[in-house]
Amino acid sequence: MNPVSTSNAPGIEAGRWAISTVFLLNGAGIGLWAAHVPVVQQRMGIDTSTLSMVLLTIAAGALLAMPLMGGLTSRFGTRRMTLLSGFAFALLLGLIMKVDGLPLLFGTAFLFGISNGALDVAMNANASEVETARGLPTMSSFHGFFSLGGLIGAALGGLIIGQGWGHGEGAMAMGALTAAVLALAARRVVAFAPTHSHGSHFSLPRGAAVGLGLLAMLCFAVEGALVDWSGLLMQERTGAAPATAAVGFSAFSIAMAACRFAGDRMIVRFGALRVMVVGGVAMFAGLATAVLSTHFLLSACGFALIGLGAANVVPLLFGAASRIPGMSAGAGVAAVATLGYGGLLLAPPVLGWIATQSSIMMALGMLSLSGLVIAVSAGVVKRHG
């Protein structure tokens with residue numbers, strides 16, 4: 001356990017709720033951006049191919065920042081890097097939906113990705129230190145706040161767009177509000193002593209982090225696939241209209257958020273190993289149900305089951321990554337997050353290629369096996385518990 005800095009020790013419980021607020025704000029920002037993507041495309045007059053390149057640019061920025069942030073949190077501490085990246089995220093959240101001109105859009109998208117990737121690693125590293133200091137499973141609830149934030153951000157984004165403020169005005173206001181709330185929470189974010197003062201600032205996956213990262217990659221691959229392909233699967237298999245096909249992903253998101261808030265109690269009662277095994281099996285069963293069912297409600301239940309299963313897998317993997325011997329919390333989380341988000345980035349296009357060669361049913365059916373791999377490999381979490 002890293003010692004708490006005497007210059008900032010407001011109490012671990014206060015620090016828990018402060019970093020939970022950061023997770024909530026980050027999730028809300030991502031949800032707000034997701035709601036604005038079609039508006040940005042229309043305002044900029046870009047086609048789907050160019051929009052895909054913008055989204056890829058965001059992902060590239062995040063993937064570049066993650067291994068770099070692992071070393072920076074080790075040297076400067078997780079609190080400082082969480083706040084720096086958090087304020088950068090709040091600033092860029094408004095700018096990316098307001099800029100004019102394609103070069104500015106791509107430049108802002110890259111910086112937005114960097115800020116989000118950096119914040120993801122820093123806040124997870126600080127959260128893992130809080131969890132260690134508390135001596136109780138806490139990571140799932142942090143990720144629950146992120147999921148809740150995503151739902152709130154998406155809803156607020158829809159409201160903002162519906163009021164005619166979708167061309168950047170509403171987003172700039174939300175960015176300012178995000179910064180203000182972050183400033184209020186900042187003094188309660190616990191400053192843990194940095195673990196290293198010298199050495200490389202770049203942390204690539206190695207050793208135990210590779211195994212944990214590959215499992216994170218499988219879980220993120222499922223999540224990324226559902227974002228892009230769940231609606232199409234619902235349309236093809238159940239005949240749902242495009243407007244109602246989104247129910248599948250909504251069921252997944254709501255179930256995941258709810259289960260994450262219950263996850264810490266489940267881990268205390270049943271143990272991390274059992275939660276991981278059951279989660280992997282539920283992911284497999286849920287995706288298989290969604291793929292095979294031709295009934296709308298049954299298919300939606302399948303997506304909800306995926307959310308219940310996947311909810312606590314990534315929090316457990318990130319928590320284990322923060323406790324890898326010989327690595328700081330930030331470096332471990334950065335290494336696992338880099339591989340994990342690689343799955344989030346690569347899975348949708350790879351599955352799209354498989355679907356063109358066969359069908360979306362076949363592509364997602366193959367992906368369902370990732371749940372079984374996670375269940376069989378759950379012992380890696382216990383070894384770093």
Side-chain angles (χ1 to χ4, degrees), residues 30-31 33-35 37-38 41 46-56 58-59 147 150-151 154 214-256 279-311 313-314 339-375:
I30 296 302
W33 162 245
V37 167
Q41 180 184 17
I46 56 179
D47 57 20
T48 303
S49 176
T50 304
L51 177 63
S52 297
M53 292 303 297
V54 172
L55 299 177
L56 185 63
I58 294 174
S147 297
L151 295 172
L214 290 175
L215 293 180
M217 178 184 288
L218 291 176
C219 192
F220 276 115
V222 171
E223 185 171 347
L226 295 190
V227 170
D228 287 357
W229 298 110
S230 60
L232 180 60
L233 179 70
M234 289 281 282
Q235 291 180 60
E236 288 190 359
R237 294 295 295 162
T238 70
T244 57
V247 167
F249 185 70
S250 298
F252 164 80
S253 300
I254 294 170
M256 173 176 276
V281 172
M283 289 173 64
F284 166 75
L287 196 45
T289 299
V291 166
L292 297 174
S293 174
T294 57
H295 191 280
F296 179 81
L297 288 178
L298 184 58
S299 184
C301 288
F303 284 115
L305 184 57
I306 300 169
L308 293 175
V313 172
V314 168
L339 279 174
Y341 281 89
L344 189 70
L345 173 64
L346 294 174
V350 170
L351 290 171
W353 179 83
I354 295 173
T356 60
Q357 304 301 311
S358 53
S359 67
I360 188 61
M361 178 181 173
M362 178 63 70
L364 293 178
M366 293 172 61
L367 186 63
S368 69
L369 298 176
S370 63
L372 295 182
V373 175
I374 289 171

With sequence neighbours excluded, tell me which residues meet side-chain contact (heavy atoms from CB on, under 4.5 Å) with Thr238. Met234, Ala240, Phe296, Ser299
Between Ala251 and Ala300, which heavy-atom pair has the shortest distance, and what is it? CB-O, 3.7 Å
I'd like a table of donor-acceptor pairs (distance under 3.5 Å, sequence neighbours excluded) in which one partner is a side-chain atom from residues 349-358, with atom names and distances.
| from | atom 1 | to | atom 2 | distance (Å) |
| --- | --- | --- | --- | --- |
| Thr356 | OG1 | Trp353 | O | 2.5 |
| Ser358 | OG | Ile354 | O | 2.9 |

Taking the side chain as every heavy atom from C-beta outward, state whether Cys301 and Thr289 have any pair of such atoms under 4.5 Å apart. no
Distance col, row Leu298:CG vs Phe303:CZ, nearest 0.5 angstrom, shows 11.0 Å
A side-chain contact here means heavy atoms from C-beta on lying under 4.5 Å apart; do Val37 and Leu51 qualify? yes
To the nearest 0.5 Å, how far apart are OG in Ser370 and CD1 in Ile374? 5.5 Å
Gap separating the CD1 atom of Ile30 from the CD1 atom of Ile58, nearest 0.5 angstrom: 8.0 Å
Roughly how far, to the nearest 0.5 Å, is CZ of Arg237 from CG of Leu292? 6.5 Å
Distance in Å, Met283 CE paired with Leu308 CG, rounded so as to fall on 0.5 Å steps: 11.5 Å
Taking every heavy atom of Ala35 against every heavy atom of Ala154, the minimum-distance pair comes out as CB-O, 4.0 Å
Looking at every non-hydrogen atom in both residues, tell me the closest pair between Leu364 and Ala225 and how far apart they are. CD2-CB, 4.0 Å
The reported gap from CZ in Phe252 to CD1 in Ile306 (rounded to nearest 0.5 angstrom) is 7.0 Å
Minimal heavy-atom distance between Ser253 and Leu151, with the atoms involved, is CB-CD2, 4.1 Å
Where is the tightest heavy-atom contact between Glu236 and Ile360, given as atom of each residue plus distance? OE1-CG2, 2.9 Å
Which heavy atom of Ala310 sits nearest to which heavy atom of Met256, and what is that distance? CB-CE, 3.8 Å
